[in-house]
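Report on the structure given below.
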2 protein chains.
Amino acid sequence: MEHHLANLADVTLPVVGVHHSPMTQKFGLPRQPNLVDVRSVIELLPPYDVFDAVVGLDNFSHLWLHWYFHANRQATQTEHSQAQFRTKIRPPRLGGNDKVGVFASRSMYRPSQMGMSVVRLQGIETRQGQLLIHVIGADLLDKTPILDIRPYMSYSDAIIDSHDGYADAKPSTCQVHVCQDAKCQFDKIVKDLQTEGLMNDHLLTSLHDADWHIITALIAQDPRPAYRQKVSQREYVMRYKNIDVRFVQRTQGQLEVIGVDKIA
Amino acid sequence: MEHHLANLADVTLPVVGVHHSPMTQKFGLPRQPNLVDVRSVIELLPPYDVFDAVVGLDNFSHLWLHWYFHANRQATQTEHSQAQFRTKIRPPRLGGNDKVGVFASRSMYRPSQMGMSVVRLQGIETRQGQLLIHVIGADLLDKTPILDIRPYMSYSDAIIDSHDGYADAKPSTCQVHVCQDAKCQFDKIVKDLQTEGLMNDHLLTSLHDADWHIITALIAQDPRPAYRQKVSQREYVMRYKNIDVRFVQRTQGQLEVIGVDKIA
């Protein structure tokens with residue numbers, strides 16, 4: 001087949017917004033959207049931060065986000081990912097053993113370095129001149145560049161009878177046991193913040209009781225690498241807002257939160 | 001909120017493939033995917049045209065395509081669409097009267113100029129060194145640049161209970177009546193092609209009886225602009241492969257195919 005695109009080897013997409021999230025590190029980030037009710041905020045950037053551009057969006061319950069894997073090492077090393085194009089990757093859903101083609105996966109190592117996520121829309125607000133879109137269930141890191149936002153339309157997007165290869169069900173979750181000391185440490189941090197009068201509504205520094213449910217739900221996803229099935233006594237640390245949460249595996253399918261530390 | 005993306009005003013995405021379709025003109029192109037069973041082909045481009053990159057893809061029934069609105073006038077005029085950012089657009093679903101924000105729509109006039117479509121996967125083949133992905137139901141023009149391909153995963157992508165604003169159901173379709181002369185003209189073109197021995201499997205020059213069903217299904221979508229509710233005697237022409245199909249409105253909700261001409 002002939003084609004006439006010799007002059008279109010790539011396209012340039014503007015960054016229309018930036019994602020603000022309690023998840024500032026990759027470890028613990030949910031592997032798909034809507035697995036955990038993490039709350040986060042998209043800040044639209046100039047010249048796209050005009051209210052007219054989102055009029056009518058609040059009639060939709062869900063949004064598609066398109067975004068750029070800015071934290072990929074290869075993305076920061078080369079402007080074009082072509083040089084480091086990986087043809088096959090190991091999806092976590094296959095236990096990290098089997099490989100599939102990059103186009104048969106939702107891996108971050110795709111040539112476009114572009115992610116897509118459907119999230120719940122919580123609300124839209126303008127605050128101090130900023131246009132903020134509050135969402136629930138995002139699987140994006142803090143500071144992720146947003147390339148596009150569009151409404152979810154179930155008549156077109158929800159294919160009920162699709163056949164989903166190796167990803168035909170939600171990933172299973174672990175039981176999470178909480179060591180009493182860890183919960184006490186968390187409660188003390190929350191109390192100290194209240195005492196210090198630091199409980200503003202800033203996404204990264206505020207901490208509430210409700211955050212504890214999110215933290216345990218994130219750990220229930222088992223953030224450890226794919227060889228996690230093997231029992232290991234290694235201690236893992238997940239960062240959430242301004243605290244580090246430590247956990248270990250006790251038995252098969254059960255994780256225990258053993259400590260919570262405030263980041264200096 | 002602070003952010004540290006001052007150096008990331010845009011991102012560059014490689015074109016990984018090109019879409020080959022019987023729809024070579026915008027008029028008649030379905031407004032969403034899966035409204036009509038149009039068959040089309042994605043040709044992967046070097047260096048992405050390696051079979052390894054699609055291994056496992058055939059276990060999925062549906063694919064997400066991400067693509068670039070290359071036929072937008074503004075896209076060809078300016079490399080960056082920012083200069084021509086439209087904050088509000090008129091979605092066809094609102095009859096072309098009411099405006100919504102561009103991020104509350106699936107309009108082509110979005111800053112990213114990026115489209116997304118879920119399509120059915122028909123098959124993957126290598127032919128004469130080309131890696132071809134055959135799909136059904138695409139709403140993309142011929143020669144559309146493909147930015148990414150990934151599997152549809154219903155556990156993550158199919159939100160059944162979403163609230164879909166102004167787009168809560170499939171668009172209604174028109175009845176299509178076929179003038180006997182038009183069908184005779186179509187049959188004669190098919191017969192002539194057979195006689196001339198031109199019935200190879202080339203997507204754009206082959207023409208079969210099955211194409212007639214696709215043509216009438218495309219017209220049943222009513223490709224006319226949003227003021228189509230008004231009865232008009234104007235003749236419209238839709239191009240499909242190498243034929244032009246002429247139709248008019250007879251009464252409210254009914255269109256008639258009045259002629260078929262082979263393109264010289």
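Letters A, B, ... are given to chains in the order of the sequence lines, protein chains preceding strands, and every chain is numbered from 1.
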Got [X] and [Y] here, is their nearest side-chain heavy-atom distance under 4.5 Å?
X: B:Gln113; Y: A:Leu13; answer: no
X: B:Trp67; Y: A:Val11; answer: no
X: B:Pro151; Y: A:Phe103; answer: no
X: B:Lys99; Y: A:Val55; answer: no
X: A:Ser162; Y: B:Phe60; answer: no

For the backbone of [Y] and the side chain of [X], can you confirm whether one donor and one acceptor N or O come within less than 3.5 Å of each other?
X: A:Tyr68; Y: B:Asp10; answer: no
X: B:Tyr48; Y: A:Thr87; answer: no
X: A:Tyr152; Y: B:Ile159; answer: yes

Please classify the contact between [X] and chain B as side chain, backbone, both or neither, with a heavy-atom cut-off of under 4.5 Å.
X: A:Leu44; value: side chain
X: A:Val54; value: both
X: A:Val118; value: side chain
X: A:Ala167; value: both

Largest heavy-atom contact set with chain A, pairs under 4.5 Å, which of [options]:
options: B:Ile133, B:Asp98, B:Asn59, B:Val100; answer: B:Asn59
options: B:Leu63, B:Val102, B:Ile149; answer: B:Ile149
options: B:Ala169, B:Ser117, B:Pro33; answer: B:Ala169

**Item:** Heavy-atom closest pair, residues A:Ala104 and B:Gly56
**Value:**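 Distance-wise, the nearest heavy atoms are CB-C, 3.7 Å.
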**Request:** Please determine, among A:Lys88, A:Arg120, A:Gln128, the option with the most heavy-atom pairs under 4.5 Å with chain B.
**Result:**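 The candidate making the most pairs under 4.5 Å is A:Lys88.
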[atom1] of [X] to [atom2] of [Y]: how many Å apart, nearest 0.5 Å?
X: B:Leu8; Y: A:Thr144; atom1: CG; atom2: OG1; answer: 10.5 Å
X: A:Leu147; Y: B:Leu147; atom1: CG; atom2: CG; answer: 10.5 Å
X: A:Leu57; Y: B:Ser105; atom1: CG; atom2: OG; answer: 9.5 Å
X: B:Asp164; Y: A:Ser154; atom1: CG; atom2: OG; answer: 3.5 Å

**Prompt:** Between B:Met116, B:Lys170, B:Arg31, B:Arg106, which is the residue that forms a side chain to side chain contact (heavy atoms under 4.5 Å, CB included) with A:Ser156?
**Reply:**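 For A:Ser156, the side chain to side chain contact (heavy atoms under 4.5 Å, CB included) test succeeds with only one of B:Met116, B:Lys170, B:Arg31, B:Arg106, which is B:Arg106.
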**Message:** For B:Asn34, which atoms come within 4.5 Å of any heavy atom of chain A: side chain, backbone, both, or neither?
**Reply:**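 Interface part for B:Asn34: side chain.
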**Message:** If I measure from the heavy atoms of chain A, does B:Phe51 come under 4.5 Å with its side chain, its backbone, both, or neither?
**Reply:**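 No part of it gets close to chain A.
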**Request:** Using the salt bridge (Lys or Arg N to Asp or Glu O under 4.0 Å) rule, collect all pairs that involve residues 146-156 of chain A, keeping only residues at least two apart or in two chains.
**Result:**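 Found A:Asp148-A:Arg150, A:Asp148-B:Arg110.
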**Asked** Considering residues at least two apart in sequence or located in another chain, which fulfil the ring pair (Phe, Tyr, Trp, His ring centres under 6.0 Å) criterion with B:His62?
**Response**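 Once residues adjacent in sequence are excluded, B:His62 has no partner under the ring pair (Phe, Tyr, Trp, His ring centres under 6.0 Å) criterion.
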